Amino acid sequence: MSEHAGKTVFITGGTSGINLGIAKGFASEGAKVAVIGRDPQRAANAEAEIKAVCTGDGDAMGFSCDVREYDAVEAALKKVADAYGSIDVLIAGAAGNFYAPLLGMSANAFRTVVDIDLFGTFNAFRASYPYLTKPGASLIAISAGQADRASAMQAHACAAKAGVNQLTKVCAVEWGPAGVRANIISPGGIADTVGVKFLSKDPARFEEAIQRIPGKRLGTVDEIADAAKFLSSDAARYINGQVIYVDGGLYAGDASVDCLNPPPREKKA
Ligand code: HXC
């Protein structure tokens, strides 16, 4: 039996994409998984999708909640803890994004992404504390390469995700003594997600992006779910305050030069 069987897992933004994949990953190992997202229909669909892969006493609930509203997030956490028991795993995955240059971004546009990504993570983490399993809870923020790399058209996401990383590390420091760990997953390009769909609209740019990845391919949603399960497992019990890059090696460096088949060395004349 998986060590995640019977755990309570709460995932913001868990009604689609990477976060839905994480939800299914835990449910398939018998966890009780709650996902929240803004769209009620999507939440209902996600609940059904997760239930379809549940094993053992696994269960799922999906409901509508905007991570920008602290009281709503607090109420959602209470509802889940009342139904399933204290929260063992909290994934803060809700994110918003669009491509725009600084000069094409109003203050409200900038604030909107910071609100969803950074305040959304703060709201979930801060409100969860009374409902966490202590000791033992695992908090995970889903970040992005923008936290480390200044990326054109991404001022809002760069600022927000850098904040998410630091906020999570502060959680690790402040709540570590209570037996709560907080880590960050920084996914690279993941197949079948909104970010990759946008990039793949330009095939030449897309192929260049793949060639930069040392692993020479996109990641999968299951690979992010595996990382989340690992970070929430006993094997990771001494890992706290870390950024785990699940990106095929892209953060380490650019692999577009073929060093395994180098051109012959030029002889000195
Ligand atoms: C410039 C834009 C814009 C655009 C919206 N705005 N889109 N400005 N270029 N393309 C501006 C609006 O004009 C408005 O400012 C402000 O942003 C808020 O827009 P709303 O539509 O009112 O906000 P809201 O309905 O809350 O929608 C949030 C959103 C939206 C983030 C703007 O795109 C959204 O909900 N997206 C769905 C979720 C999503 O993006 N998922 C992808 C996550 S992937 P004004 O001044 O006009 O009022 C991800 C990966 C991270 O995050 C890193 C990899 C890329």
Side-chain angles (χ1 to χ4, degrees), residues 11-23 35-43 45-46 62 64-70 72-73 91-124 140-168 184-202 205-206 208-210 212-213 218-221 223-225 227-228 243-248 250-251:
I11 307 182
T12 73
T15 58
S16 65
I18 286 174
N19 302 309
L20 177 57
I22 295 173
V35 292
I36 62 167
R38 264 188 297 166
D39 182 337
Q41 187 55 54
R42 214 185 255 185
N45 294 346
S64 165
C65 174
D66 190 327
V67 290
R68 292 172 281 193
E69 293 167 20
Y70 185 90
V73 174
I91 313 275
N97 204 341
F98 51 82
Y99 283 85
L102 267 174
L103 296 178
M105 202 182 278
S106 68
N108 190 44
F110 183 83
R111 184 182 301 113
T112 298
V113 171
V114 173
D115 260 354
I116 298 170
D117 293 21
L118 180 54
F119 279 80
T121 301
F122 171 84
N123 291 344
I140 298 173
I142 306 300
S143 189
Q146 281 92 330
D148 309 291
R149 209 172 35 249
S151 315
M153 316 286 277
Q154 289 283 277
H156 43 17
C158 288
K161 294 297 192 182
V164 164
N165 287 14
Q166 283 296 79
L167 167 67
T168 307
I184 298 135
I185 292 177
S186 183
I190 302 299
D192 303 321
T193 59
V194 176
V196 162
K197 268 181 206 141
F198 184 86
L199 192 61
S200 61
K201 280 183 195 157
D202 179 343
R205 209 174 135 223
F206 185 62
E208 271 175 38
I210 299 287
R212 281 197 290 273
I213 304 169
L218 294 172
T220 67
V221 163
E223 286 164 339
I224 305 299
V243 184
I244 307 296
Y245 293 89
V246 188
D247 65 354
L250 185 62
Y251 177 71

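Since this is a predicted model, take the numbers as computed values, not measurements. Just so you know, ligand 1 is whichever comes first in the structure, and atom 1 is the first atom listed for that ligand.
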Counting each atom of ligand 1 from 1 as listed, which ones have a heavy atom of [X] under 4.0 Å away?
X	value
S106	15 (O), 45 (P), 46 (O)
Q154	55 (C)
G104	1 (C)
A100	1 (C), 9 (N)
A95	38 (C), 39 (C), 41 (N), 43 (C), 52 (O)
R68	26 (O)
A144	53 (C)
N108	14 (C), 15 (O), 16 (C), 45 (P), 46 (O), 48 (O)

Using atom types as modelled and distance alone, determine if a side-chain donor or acceptor of [X] lies under 3.5 Å from a backbone N or O of [Y].
X	Y	answer
N19	G13	yes
T12	A94	yes
D117	G96	yes
Q166	G163	no
S64	D39	no

Output yes when a protein non-hydrogen atom is found under 4.0 Å of [atom], and no otherwise.
atom	answer
atom 46 (O) of ligand 1	yes
atom 30 (C) of ligand 1	no
atom 13 (O) of ligand 1	no
atom 35 (O) of ligand 1	yes
atom 21 (O) of ligand 1	no

One residue to check: [X]. Relative to ligand 1, which of side chain, backbone, both or neither has a non-hydrogen atom less than 4.0 Å away?
X	result
M105	neither
N97	both
A109	both

Are [X] and [Y] close enough that some pair of their side-chain heavy atoms sits under 4.5 Å apart?
X	Y	answer
T112	R68	yes
I224	I22	yes
S143	V243	no
R111	V114	no
F98	V113	yes

Note the single closest protein heavy atom to [atom], along with its residue, its atom name and the distance in Å.
atom	value
atom 53 (C) of ligand 1	Q146 NE2, 3.4 Å
atom 8 (N) of ligand 1	F98 CE1, 3.6 Å
atom 23 (O) of ligand 1	T112 CG2, 3.9 Å
atom 25 (O) of ligand 1	R38 NH1, 3.8 Å

If I compare all heavy atoms of R149 with all of C158, which pair ends up nearest, and what's the gap?
O-SG, 3.5 Å
Interatomic distance, I185 atom CD1 to I142 atom CD1 [nearest 0.5 angstrom]:
4.5 Å
If I apply the N/O under 3.5 Å rule, does K161 come out as touching ligand 1?
no
Return yes if a side-chain donor-acceptor contact under 3.5 Å exists between N123 and E69, otherwise no.
no
Are G195 and ligand 1 in contact, using a heavy-atom cut-off of under 4.0 Å?
no
